[in-house]
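See structure below.
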Amino acid sequence: PKVGSFTVAGIKASALENHLRAQIGRLFTNFNLNVTMGQLRGVKVFVVGPAVKPGVYNLASQSSLLSAVVAAGGPAAQGSMRNVILRRDGRIVSVLDVYDFLVQGDNSRDVQLAAGDVVVFRPAGPRVALTGATDTAAIFELKAQEESVRELLAYAGGASVLANRQRVHLERIDPKQVRAKRFVEEFQLDT
């Protein structure tokens, strides 16, 4: 009772005993100290929608929305990486765009989880395929119905040094057209 309580958040388990010994040593001399770690409390969260592994997860108490996304294996093939919703008590707490984190390192929408949270994977939005002289050929989900080629290349980490910037092909498929559903444009990749 004379010692009181100490905040130990952020202190490594290996340094905890020395930290407490220093704090208690201010009041007492010639004492014994034994530090043991109990089981960390977890939070139960629900992952729903088109995720690789939807279900109920018990995650560490310091887990964030990104932790739940990783635990669920990310979005399934038809799931969105641009629109992952965190619901708490029926309200939307955060909408996470995983691309913002992966491309720019922006984790401002990655919030800490609380017990009973629901992580909702939404269906994927419009997608485009990037192929050719690029280091990251892939299918990318767009944030909006239309985005610039510059933004697409930013998702892929830029154009390869081997890319011919004078000759870029853009192929569009328009299912609304009865004839000539496929259009190919050629242009120069400039500012």
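Because the structure is a prediction, the values reported are computed rather than measured.
The two residues Y99 and F140 have their closest heavy-atom pair at OH-CA, 3.5 Å. In this structure, A124 and G79 approach most closely via the heavy-atom pair CB-O, 3.5 Å.
Between D117 and R87, none of the side-chain N atoms (NZ, or NE/NH1/NH2) sits under 4.0 Å from a carboxylate O, so this pair counts as no salt bridge. Ionic pairing of E17 and R21 is present here: one or more N-O contacts between side-chain nitrogen and carboxylate oxygen are shorter than 4.0 angstrom.
With rounding to the nearest 0.5 Å, the separation of CG in D97 from CZ in R82 is 4.0 Å. Residue L86 holds its CG atom at 9.5 Å from CG of D110, rounded to the nearest 0.5 Å. The CG atom of L142 sits 9.0 Å away from atom CD of E151, with the distance rounded to the nearest 0.5 Å. Atom CG of N18 is separated from atom CG of L16 by 9.0 Å, given to the nearest 0.5 angstrom. Rounded to the nearest 0.5 angstrom, L96 CG and F121 CZ are separated by 9.0 Å. Taking OH from Y57 and CG from L113, the interatomic distance works out to 13.0 Å, rounded to the nearest 0.5 Å.
Contact check for V184 versus L170: no side-chain heavy atoms found under the 4.5 Å cut-off. No side-chain heavy atom of H169 sits less than 4.5 Å from a side-chain heavy atom of T131. Residues H19 and V8 have side chains in contact (heavy-atom distance under 4.5 Å, counting atoms from C-beta outward). Counting only heavy atoms from C-beta outward, the side chains of R122 and I85 approach each other to under 4.5 Å. Residues V84 and V69 form a side-chain contact, since some pair of their non-hydrogen atoms from C-beta on lies under 4.5 Å apart.
The cluster map of Ile, Leu, Val, Met, Phe, Trp and Tyr, joined by side-chain heavy atoms under 4.5 Å apart, puts F6 and F28 in the same cluster. Note: the hydrophobic cluster containing L102 also contains V111 (ILVMFWY, side chain heavy atoms under 4.5 Å, direct or indirect links).
Between the side chain of E185 and the backbone N or O of R172, no donor-acceptor pair lies under 3.5 Å. Side-chain atoms of Q104 never come within 3.5 Å of backbone atoms of F101 as a donor-acceptor pair (strictly under, hydrogens ignored). Side chain of S94 to backbone of R109: a donor-acceptor contact under 3.5 angstrom is found.
Annotation for L33: atom CG counts as buried by contact number, over 12 foreign heavy atoms lying within 6.0 Å. For CD of Q145, the number of neighbouring non-hydrogen atoms (other residues, nucleotides, ligands) closer than 6.0 Å is 12 at most. For E146, the CD atom sits in a loose shell: 12 or fewer heavy atoms of surrounding residues, nucleotides or ligands are nearer than 6.0 Å.
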Requested in this report: Under the side-chain hydrogen bond (donor to acceptor under 3.5 Å, both in side chains) rule, what do S80 and E141 come out as? Steps first, then yes or no, please.
Outcome: CA-CA 8 Å; S80 176; E141 182 181 358; 2.7 Å; yes
